[in-house]
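This report refers to the structure that appears directly beneath it.
Letters A, B, ... are given to chains in the order of the sequence lines, protein chains preceding strands, and every chain is numbered from 1. Only this structure's heavy atoms are used, side chains among them; waters, hydrogens and symmetry mates stay out.
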Amino acid sequence: MAASVLTPQSADFPRWYQDVVAKAELAETGAARGTQIIKPWGYALWERIQGELDARIKATGHDNVYFPLFIPMEYFEREAEHVEGFSPELAVVTHGGGKELTEPLAVRPTSETVIGEAMARWIQGHRDLPLLLNQWANVVRWELRPRLFLRTTEFLWQEGHTAHATWQEAQDETLRILVEVYAEVLRDVLAVPVLLGRKTEAEKFPGAESTYTLEGLMRDGKALQMGTSHNLGQNFATAFDIAFTDESGARRQAWTTSWGVSTRVVGGLVMAHGDDRGLRLPPAVAPLQVVVLAVKDDTIPVAQRLAAELRDAGVRVRVDQRTNLSFGRRAVDWELKGVPLRLEVGPRDVAAGQATLARRDTGDKSAVALHAVAAQLPGLLDAIQAAMLDGARERRDAATIDVADPDEIDGPGFFRLPWAQLGVEGEARLAERGYTVRCLLTADGGIPGGGPDRDDAGLVAYVAKAY
RNA sequence: CGGGAUGUAGCGCAGCUUGGUUAGCGCGCCACGUUCGGGACGUGGAGGCCCCGGGUUCAAAUCCCGGCAUCCCGACCA
């Protein structure tokens with residue numbers, strides 16, 4: 001076995017993360033502070049995630065739109081909590097065309113305001129509701145401490161914005177996105193089990209009535225917020241006058257929601273599954289599911305034939321015929337990049353009528369008959385997908401500890417305790433020690449309700465250190 | 001914004017304390033050859049506003065002053 005090319009996770013997890021992002025060629029820092037250059041392999045991951053999210057967003061009835069990058073500053077001032085929450089991290093354009101602007105423009109940190117302004121004009125009667133929009137965009141938040149993918153000044157995301165006739169419809173939408181779009185993609189595609197819950201008042205989105213979240217657990221025991229869905233109540237509808245005439249002819253204010261998932265999840269994918277040999281990609285999200293490695297020039301034709309058969313079987317596959325590079329170099333490269341299966345086709349294999357199959361998730365190697373490759377691998381990919389989710393779930397469950405007292409909270413993982421034992425003051429005390437309430441769940445693990453008449457008394461808090 | 005550190009080849013670094021000829025090393029890159037079933041090796045080669053500006057000096061990567069930038073640790077966040 002070659003010497004490790006990465007800092008071991010156990011030695012220094014943040015360093016390991018930086019190493020993997022660099023060595024797997026996911027991204028590098030941009031010239032301007034906090035910006036990142038997403039490289040082909042990293043962008044391919046994002047495109048897979050995008051595709052899965054986009055399909056589900058559309059399947060649940062939403063249409064894609066695109067709103068401007070620049071937003072008049074004045075828009076932010078209309079919603080008190082929103083401006084307070086976002087002002088510190090706004091990038092503001094003060095000059096254009098060589099002149100100072102009379103009205104400064106904010107570079108969008110999120111688009112509730114511009115989209116709210118348009119909704120107010122687009123929605124007139126109840127037949128215009130619900131209005132279900134989504135946009136894929138870049139946003140800018142002047143972050144104090146950037147980290148590739150996890151927290152960058154500019155990042156890519158989708159942001160959904162919807163308007164409804166009633167509170168209940170807005171609440172249903174908020175949870176439908178959480179469960180049917182986000183949780184499904186994270187669980188079934190990224191193989192990351194997530195806690196679905198509601199944020200505390202301290203942690204909710206500025207301007208929201210309630211914020212729902214999906215919290216994943218990384219391999220170092222820290223939590224990562226992998227997506228949020230907000231019921232905005234009538235806060236933005238009031239600020240931007242989003243109103244409609246109902247069936248009875250009465251003028252009523254709408255209820256809105258917003259929800260987003262960003263390139264942060266790429267970082268989450270890395271940290272949820274990666275090991276000391278690099279990335280481990282679940283097959284569903286892997287840009288390449290199988291690499292057929294032709295060991296020698298002589299075996300290139302066989303490798304290409306196998307790849308063609310796999311492609312016909314619906315597998316994302318590439319032949320590595322860079323025989324000018326050593327075998328070890330190439331094997332390590334693909335392991336760093338996390339490709340789920342590597343099919344080694346060497347002279348000895350071909351002579352025996354077989355190929356050598358290496359699994360990235362377990363490291364196991366086995367022989368597979370050449371004629372059976374196309375028939376066997378798709379099923380194996382499904383098995384790997386399931387095994388990776390099971391593995392992540394086991395790690396998560398093993399790292400979730402029930403505590404009776406907040407003082408017992410110490411170390412990695414999730415700590416679970418009744419919210420009543422914590423409360424707003426307990427939450428603040430935990431924050432001083434670097435722990436946050438990641439989310440609140442019902443006693444039986446369900447998603448808590450929202451709304452003004454909700455009762456938080458019986459809820460359970462999940463506490464962890466977070467990225 | 002506090003605390004710490006660093007800017008020298010694409011990347012990672014040495015050299016600076018005690019100024020002195022063509023500024024080194026590893027990786028990577030290019031060429032050729034031998035290799036190549038777990039990050040191969042040999043030979044040859046290319047590649048430097050030594051962060052920027054000013055100063056001291058016969059002479060500055062090295063000393064002095066000023067600036068800029070980045071990284072790490074905290075508070076903010078998808």
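The base of B:G38 does not come close enough to the side chain of A:Ser326 for any donor and acceptor atom to sit less than 3.5 Å apart. In this model, no side-chain donor or acceptor of A:Arg330 finds a partner on the base of B:G37 within 3.5 Å. Between the side chain of A:Arg141 and the base of B:C77, no donor-acceptor pair under 3.5 Å is found. In terms of polar N and O atoms assigned as donor or acceptor, the side chain of A:Lys365 comes within less than 3.5 Å of the base of B:G38 in a complementary pairing.
Nucleotides B:G42 and B:C36 have their C1' atoms positioned 15 Å apart, rounded to a whole Å. A distance of about 44 Å separates the C1' atoms of B:C63 and B:C77, rounded to the whole Å. Spacing between B:G55 and B:G15 at atom P, rounded to whole Å, works out to 29 Å. Taking the P atom of each, B:U18 and B:C27 are spaced 34 Å apart, rounded to whole Å. The same atom, P, is picked in B:A46 and in B:C1; the two are 47 Å apart, to the nearest Å. Comparing B:G45 with B:G37, their P atoms are spaced 30 Å from each other, to the whole Å. The C1' atoms of B:G66 and B:G26 are separated by 35 Å, rounded to the nearest whole Å. Distance noted for atom P between B:U62 and B:A9: 15 Å (whole Å).
Nucleic acid contact class of A:Thr110 (heavy atoms, under 4.0 Å, all strands): none. At a threshold of 4.0 angstrom between heavy atoms, the contacts of A:Gln225 are confined to the sugar-phosphate backbone, with no base atom among them. Counting any heavy atom pair closer than 4.0 Å across all strands shown, A:Leu214 reaches no nucleic acid atom. Counting non-hydrogen atoms under 4.0 angstrom, A:Gly260 reaches nothing in the nucleic acid. Residue A:Thr323 is in base contact, counting any heavy-atom pair closer than 4.0 Å across all strands shown. Residue-level contact check: A:Pro347 touches the bases, meaning some heavy atom is under 4.0 Å from a base atom. Nucleic acid contact for A:Asn324: none, since no nucleic acid atom lies under 4.0 Å from a heavy atom of the residue. Residue A:Ser229 is out of contact with every strand shown, counting any heavy-atom pair closer than 4.0 Å.
If you run side chain to side chain contact (heavy atoms under 4.5 Å, CB included) between A:Leu310 and each of A:Val317, A:Val319, A:Leu341, only A:Val317 comes through. Checking A:Lys23, A:Arg342, A:Arg359, A:Arg360 one by one against A:Glu335, the salt bridge (Lys or Arg N to Asp or Glu O under 4.0 Å) holds for a single residue, A:Arg342.
One interatomic measurement links the two molecules: CG of A:Leu343 to P of B:G37, which rounds to 18 Å at whole-angstrom precision. The separation between A:Phe327 atom CZ and B:G37 atom C1' is 5 Å, rounded to whole Å. Remark: C1' of B:A78 and CG of A:Leu53 are 13 Å apart, rounded to the nearest angstrom. The separation between A:Arg322 atom CZ and B:C29 atom C1' is 16 Å, rounded to whole Å. Protein atom CD of A:Glu25 is 14 Å distant from nucleotide atom P of B:G28, rounded to whole Å. Taking atom CZ of residue A:Phe155 and atom C1' of nucleotide B:C76, one finds them 13 Å apart after rounding to whole Å. Atom-to-atom, CG of A:Leu224 to P of B:C77 comes out at 15 Å; the value is rounded to the nearest Å. Rounded to whole angstrom, the span from the CZ atom of A:Arg342 across to the C1' atom of B:G38 amounts to 8 Å.
Residue A:Gln18 places at least one side-chain N or O under 4.0 Å from the OP1 or OP2 atom of B:C72. Here A:Arg33 reaches the OP1 or OP2 of B:C71: one of its side-chain N or O atoms lies under 4.0 Å away.
Looking only at atom types and distance, the side chain of A:Thr200 has a donor-acceptor partner in the side chain of A:Glu427 under 3.5 Å away. Neither side chain, A:Trp419 nor A:Asp456, offers a donor N or O lying under 3.5 Å from an acceptor on the other. Side-chain N/O atoms of A:Tyr212 and A:Arg198 include no donor and acceptor closer than 3.5 Å.
Aromatic stacking is not marked for A:Trp157 over B:A78, as the cut-offs of 5.5 Å for the centres and 30° for the planes do not both hold.
The aromatic rings of A:Phe76 and A:His82 lie parallel to each other, their planes meeting at an angle below 30°, with 60° marking the opposite boundary.
Here the nucleotide nearest the side chain of A:Arg277, chosen from B:G38, B:G37, B:C77, is B:G38. Ranking B:C77, B:G38, B:A75 by closeness to the A:Leu144 side chain, first place goes to B:A75.
In terms of position on RNA chain B, the residue among A:Thr228 and A:Val295 whose nearest nucleotide sits closer to the 5' end is A:Val295. Where A:Pro14 and A:Gly85 meet RNA chain B, the nucleotide closest to each residue was compared, and A:Pro14 sits on the side nearer the 5' end.
In RNA chain B, consecutive stretches of 3 or more Watson-Crick or G-U wobble pairs with both distances under 3.5 Å are given as paired ranges: B:1-7 with B:68-74, B:10-13 with B:24-27, B:29-34 with B:40-45, B:51-55 with B:63-67.
Residues A:Arg280 and A:His273 approach most closely at NE-O, 2.7 Å, considering heavy atoms.
For A:Glu173, the salt bridge (Lys or Arg N to Asp or Glu O under 4.0 Å) partners at least two apart in sequence or on another chain are A:Arg176.
The local environment of CH2 in A:Trp142 is sparse, with at most 12 non-hydrogen atoms from other residues, nucleotides or ligands closer than 6.0 Å. In this structure, A:Arg15 places its CZ atom where only 12 or fewer heavy-atom neighbours from other residues, nucleotides or ligands lie under 6.0 Å away.
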